[in-house]
Number of protein chains: 2
Amino acid sequence: MAIVTMFSVPQRSVMQTPAFFISRDSGDSLVEQIVTAVANRIDDKLLRTGARMPSIRQFADEQSVSRFTVVEAYDRLVAKGYLESRRGAGFFVRERASMLNPSPATPLLIPGTQQLDVVWLVRNMFRQLPPQKMPGSGVLPHDWLDGELVANGLRAISRLNQNLLLHYGTQQGFLPLRQQLQLKLAELEIAAAPEQIVMTSGVTQALDLVAREFTQPGDTIFVDDPAWFLMFGSFAILGAKVIGIPRLHDGPDVAKLAELAAIHKPKLYIINSVMHNPTSTSLSAAKAFQVLKTAEQHDFMIVEDDIYCDMHPGPAVQPATRISALDQLSRVIYLGGFSKTLAANLRVGFIATSPELAVRLADRKMLSTLTTTEIGERVVYKILSEGHFRKHVDRIRVKLDSVRDDITKRLEQLGMKVDYRTPAGMFLWTETGTDTNRLTEKAMEQGFLLAPGSLFSPHQTPSTKMRINIAAMSDPGVWEFLKKELR
Amino acid sequence: MAIVTMFSVPQRSVMQTPAFFISRDSGDSLVEQIVTAVANRIDDKLLRTGARMPSIRQFADEQSVSRFTVVEAYDRLVAKGYLESRRGAGFFVRERASMLNPSPATPLLIPGTQQLDVVWLVRNMFRQLPPQKMPGSGVLPHDWLDGELVANGLRAISRLNQNLLLHYGTQQGFLPLRQQLQLKLAELEIAAAPEQIVMTSGVTQALDLVAREFTQPGDTIFVDDPAWFLMFGSFAILGAKVIGIPRLHDGPDVAKLAELAAIHKPKLYIINSVMHNPTSTSLSAAKAFQVLKTAEQHDFMIVEDDIYCDMHPGPAVQPATRISALDQLSRVIYLGGFSKTLAANLRVGFIATSPELAVRLADRKMLSTLTTTEIGERVVYKILSEGHFRKHVDRIRVKLDSVRDDITKRLEQLGMKVDYRTPAGMFLWTETGTDTNRLTEKAMEQGFLLAPGSLFSPHQTPSTKMRINIAAMSDPGVWEFLKKELR
């Protein structure tokens with residue numbers, strides 16, 4: 001039964017007419033009701049800025065609620081910006097006008113008239129568009145991932161000894177996770193003790209740390225062409241010269257690699273050996289060997305970015321050789337992470353390298369961002385160590401396999417050509433026959449995000465290529481758009 | 001009642017003698033018992049490397065357990081590195097020798113013979129010493145913080161729409177938290193709309209981003225002298241020249257600041273205006289004005305690192321003026337965070353600056369580490385918006401106040417002098433009358449971590465000063481050590 005208390009308001013109080021009601025069975029707590037009632041009065045200007053609120057005791061007595069309830073309600077009103085607490089003087093209605101002006105709405109997509117560039121796509125990738133509107137996205141849609149797995153991990157961590165949550169993590173990252181990664185790398189024939197592994201805030205931080213360790217402004221970094229666009233920006237901001245090595249169906253053009261290495265004397269070559277973004281191709285054993293030999297001859301380091309590792313179905317389906325497996329982390333630095341398969345928001349990536357370099361890169365990480373968050377690392381550890389991860393990535397691969405051929409066929413029916421027709425991965429690298437910058441601008445006007453070929457070019461050369469995320473092609477509007485534009 | 005199943009082992013199976021037992025009421029799940037039993041057999045070499053495990057069906061039928069149980073157990077054994085799954089061929093006992101060699105144990109403290117430097121203290125700060133052994137620590141011990149608050153936040157987040165956990169956060173960070181920070185800054189008379197705030201991975205990342213935005217190798221950065229040691233390393237690694245401005249009881253020596261600015265033409269001046277680390281002093285209004293005027297005259301930016309903001313008891317107890325409040329984020333960049341008051345492991349810090357610079361720094365952040373983790377940001381949001389934060393930091397201040405005078409008196413009885421005797425903060429900046437590098441090396445031998453004055457000097461000048469964390473002085477051994485060494 002409802003017990004309704006009418007607020008009686010004494011002469012001196014600011015709680016003036018109209019009186020408000022608290023219901024003890026409205027479903028809202030007393031605290032919430034007081035917060036709402038006071039906030040509404042302030043919003044409606046019934047309580048003026050600077051007015052003094054009744055003391056906690058006075059409010060509690062007058063309204064027949066506990067002082068605890070009033071303290072709680074006032075605190076929330078302070079946190080929400082309605083009241084301010086002046087030490088020793090009580091609570092006052094605060095000035096809200098200047099700071100609560102709504103901030104100008106960010107446009108959903110930045111207008112197409114401006115030049116497409118790396119920063120443009122990066123910004124748009126992180127807008128909150130529905131995933132089915134983003135065939136250009138680099139991540140799987142929500143419903144392809146497993147939020148329950150991550151939520152369970154967080155719940156388990158919240159039940160741990162809570163002291164574990166309070167302080168910094170350790171310099172190289174959560175040791176049990178590094179031990180799990182040792183096992184994971186051993187499956188790829190890469191031997192890495194836990195002290196050779198440094199946890200990072202995703203592969204992005206790993207690349208930033210390695211590039212800062214090995215290059216000075218003016219130095220050259222080789223990348224694949226095409227390759228992941230974000231790193232072009234990361235390296236450009238360091239003052240590095242970025243040069244692309246043409247990517248073929250089984251790895252880089254090694255003749256070109258040797259020729260360009262002789263000219264430019266690069267410090268680093270960043271490569272996706274397996275499940276290359278955007279082509280979904282992988283390195284043949286011969287190519288892996290040749291790349292490593294070229295690196296030795298011209299004395300540059302190889303950074304093997306294996307973020308798509310778990311999308312790979314095994315060598316029986318697609319041959320794939322990791323250069324790290326040949327070299328055993330001497331000239332090759334291996335990078336991995338869980339943003340593509342578990343949850344980008346955990347921000348868990350890692351570097352595997354020689355013990356000496358691991359210490360140097362961990363020092364460098366500490367000086368840039370201190371430790372990484374052990375919370376995310378404990379979630380990943382739990383998922384790996386309990387055996388959920390393998391099943392989860394198996395399911396993702398099965399699901400990708402179930403749509404790849406159909407999407408390829410439908411794209412071909414629109415006149416597009418799929419390069420390399422690989423039997424695995426989440427990306428198709430397509431030839432559209434039209435300028436994909438222009439196509440992307442048109443798509444933007446309709447609220448779709450595409451990934452034009454120019455973005456994957458180290459020099460942003462306009463292109464007729466386009467990357468398609470096969471997990472994000474479920475929206476009929478995308479197909480209608482492509483049909484209309486490509487006919 | 002116990003139902004005990006004896007594993008019967010057919011000829012062809014690898015599950016050879018001695019047979020093992022599964023108990024249905026041992027407290028361990030069937031899965032756990034199978035995992036333990038198989039793992040023990042492998043550890044004991046009863047199952048040899050390369051041996052094929054029974055198929056899931058065979059194992060389940062033989063042992064009268066469900067196939068689901070066996071799948072689960074095999075998956076965990078794979079995750080633990082005992083088995084490997086070969087696609088289409090089944091499960092095999094894997095080679096473990098090479099990779100399971102225990103890694104060499106890291107020594108608890110790096111030997112005292114090597115020169116003390118920034119990297120040394122940073123590494124030792126992140127070793128897992130008991131907090132009462134670390135009077136040199138820069139954070140509060142576990143029991144001064146509130147693990148329950150953070151754990152509750154994680155639990156609440158795990159109950160959200162799980163899709164929120166899966167993807168990247170947004171470019172500038174979780175909007176509702178930035179709105180809360182707008183309110184928090186307004187209380188400090190700093191007007192910052194949410195689009196002027198960029199979330200970072202702690203103040204450390206904020207400093208790294210700002211320094212990379214404003215300096216080239218060879219440029220000069222001013223810091224306080226003494227000041228937070230980690231940033232000396234961060235700036236040195238960027239190739240910046242770091243110069244210290246002497247810190248007095250009410251802020252920097254402004255005559256010296258003007259003189260050095262004319263000579264060195266710095267790009268940035270990093271300052272703790274409030275609750276300066278390590279002296280716990282704060283800026284007077286006059287000093288704040290003079291610093292800002294000097295910055296205008298010599299055209300450098302001020303970076304106001306306000307990480308100890310919430311340790312400040314209010315201007316009635318200690319006058320304190322933030323330069324950001326005078327300047328309103330035009331020439332001053334404001335930094336804040338929650339590593340000192342909530343939990344360092346959340347990695348939540350922020351930059352407040354002009355709208356234009358906010359966009360540039362957010363772009364720069366994306367190119368270094370992509371987005372920050374929305375998980376930590378949502379936890380902080382919940383704690384702020386529900387009004388818990390103010391009460392929590394009030395409690396910390398009361399507790400610090402309850403020990404400060406007593407610890408000061410006891411240090412003085414040992415012949416130490418406490419500079420500035422400020423009425424607030426967690427640090428005392430002390431004069432020991434002895435070389436504190438030497439003192440720190442001796443303390444190390446006994447397993448204590450001290451913070452010698454040299455670390456807070458931009459040039460690591462040996463010093464008789466030492467920073468004391470008053471929350472970490474509960475161990476009698478620390479007092480005995482100091483008594484013995486300082487007599």
Side-chain angles (χ1 to χ4, degrees), chain A residues 75-76 78-79 81 87 98-99 103 119 122-123 126 139 142 145 147-148 150-151 154-155 157-158 162-163 165-171 182-183 186 191 193-195 201-202 204-205 208 233-234 237 314 343-345 347 363 366-371 373-376 384-387 390-391, chain B residues 75-76 78-79 81 87 98-99 103 119 122-123 126 139 142 145 147-148 150-151 154-155 157-158 162-163 165-171 182-183 186 191 193-195 201-202 204-205 208 233-234 237 314 316 343-345 347 363 366-371 373-376 384-387 390:
Chain A
D75 274 335
R76 291 207 196 169
V78 169
R87 216 164 287 270
S98 65
M99 69 196 181
S103 43
V119 169
V122 172
R123 282 191 195 147
F126 293 89
V139 293
H142 299 129
L145 297 170
E148 185 62 24
V150 177
L154 282 180
R155 265 193 295 276
I157 287 161
S158 74
Q162 290 162 353
N163 288 344
L165 303 173
L166 295 175
H167 278 185
Y168 293 97
T170 51
Q171 171 134 340
Q182 178 184 23
L183 299 173
E195 65 269 25
S201 184
T204 308
Q205 183 177 35
D208 183 55
S234 302
I237 214 168
N345 234 327
R347 307 306 303 120
D363 282 345
M366 297 292 280
L367 295 177
S368 305
T369 60
L370 281 179
T371 57
T373 172
E374 207 169 280
I375 295 172
L384 289 184
S385 67
E386 293 181 356
R390 196 177 61 78
K391 279 182 284 192
Chain B
D75 274 334
R76 290 205 196 171
V78 169
R87 216 164 288 271
S98 65
M99 72 196 180
S103 46
V119 168
V122 172
R123 280 189 196 148
F126 294 89
V139 292
H142 299 130
L145 297 171
E148 184 62 24
V150 176
L154 282 180
R155 266 193 294 277
I157 287 162
S158 74
Q162 291 160 353
N163 288 343
L165 304 173
L166 296 173
H167 278 184
Y168 293 99
T170 50
Q171 170 134 343
Q182 177 182 25
L183 299 173
E195 65 268 26
S201 185
T204 308
Q205 183 176 35
D208 183 55
S234 303
I237 215 168
N345 235 327
R347 307 305 304 120
D363 282 346
M366 297 292 281
L367 295 176
S368 305
T369 61
L370 279 179
T371 57
T373 170
E374 206 168 281
I375 294 171
L384 289 184
S385 66
E386 292 180 356
R390 195 176 60 78

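What you see below is based on every heavy atom in this structure, not just the backbone, and it leaves out hydrogens, waters and symmetry mates.
Comparing Gly376(B), Ala316(B), Gly387(B) by heavy-atom pairs within less than 4.5 Å of chain A, the highest count is held by Gly387(B). The greatest number of non-hydrogen atom pairs below 4.5 Å with chain A, out of Ala343(B), Gly202(B), Gly314(B), Ser385(B), is found for Ala343(B). Chain A forms more heavy-atom pairs under 4.5 Å with one residue of Glu148(B), His142(B), Gln205(B), Arg76(B) than with any other, namely His142(B). Contact count against chain B (heavy-atom pairs under 4.5 Å) is highest for Leu166(A) among Leu166(A), Val139(A), Ile237(A). Most heavy-atom pairs under 4.5 Å with chain B, from the set Lys391(A), Glu386(A), Gln162(A): that is Gln162(A).
Looking at Asn345(A), its side chain does come within 3.5 Å of a backbone N or O of His167(B) through a donor-acceptor pair. In this structure, Ser234(A) contributes its side chain and Leu367(B) its backbone to a donor-acceptor pair below 3.5 Å. For the pair Gln182(A) (side chain) and Pro194(A) (backbone), a donor-acceptor distance under 3.5 Å is absent. Not a single donor-acceptor pair under 3.5 Å links the side chain of Arg390(A) to the backbone N or O of Ala79(B).
Heavy atoms closer than 4.5 Å to chain B are found in both the backbone and the side chain of Ser368(A). In this structure, the portion of Leu384(A) lying under 4.5 Å from any heavy atom of chain B is its backbone and not its side chain. Contacts of Ser201(B) with chain A are made by both backbone and side-chain atoms, with heavy-atom separations under 4.5 Å. Proximity to chain B (any heavy atom under 4.5 Å) is shown, for Arg155(A), by both the backbone and the side chain.
Here the side chains of Glu374(B) and Tyr168(B) are not in contact, with every heavy-atom distance at 4.5 Å or above.
Note: Leu154(A) CG to Ile375(A) CD1 = 8.0 Å, rounded to the nearest 0.5 Å. Expressed to the nearest 0.5 Å, how far OG1 of Thr371(B) lies from CD of Gln171(B) amounts to 9.5 Å.
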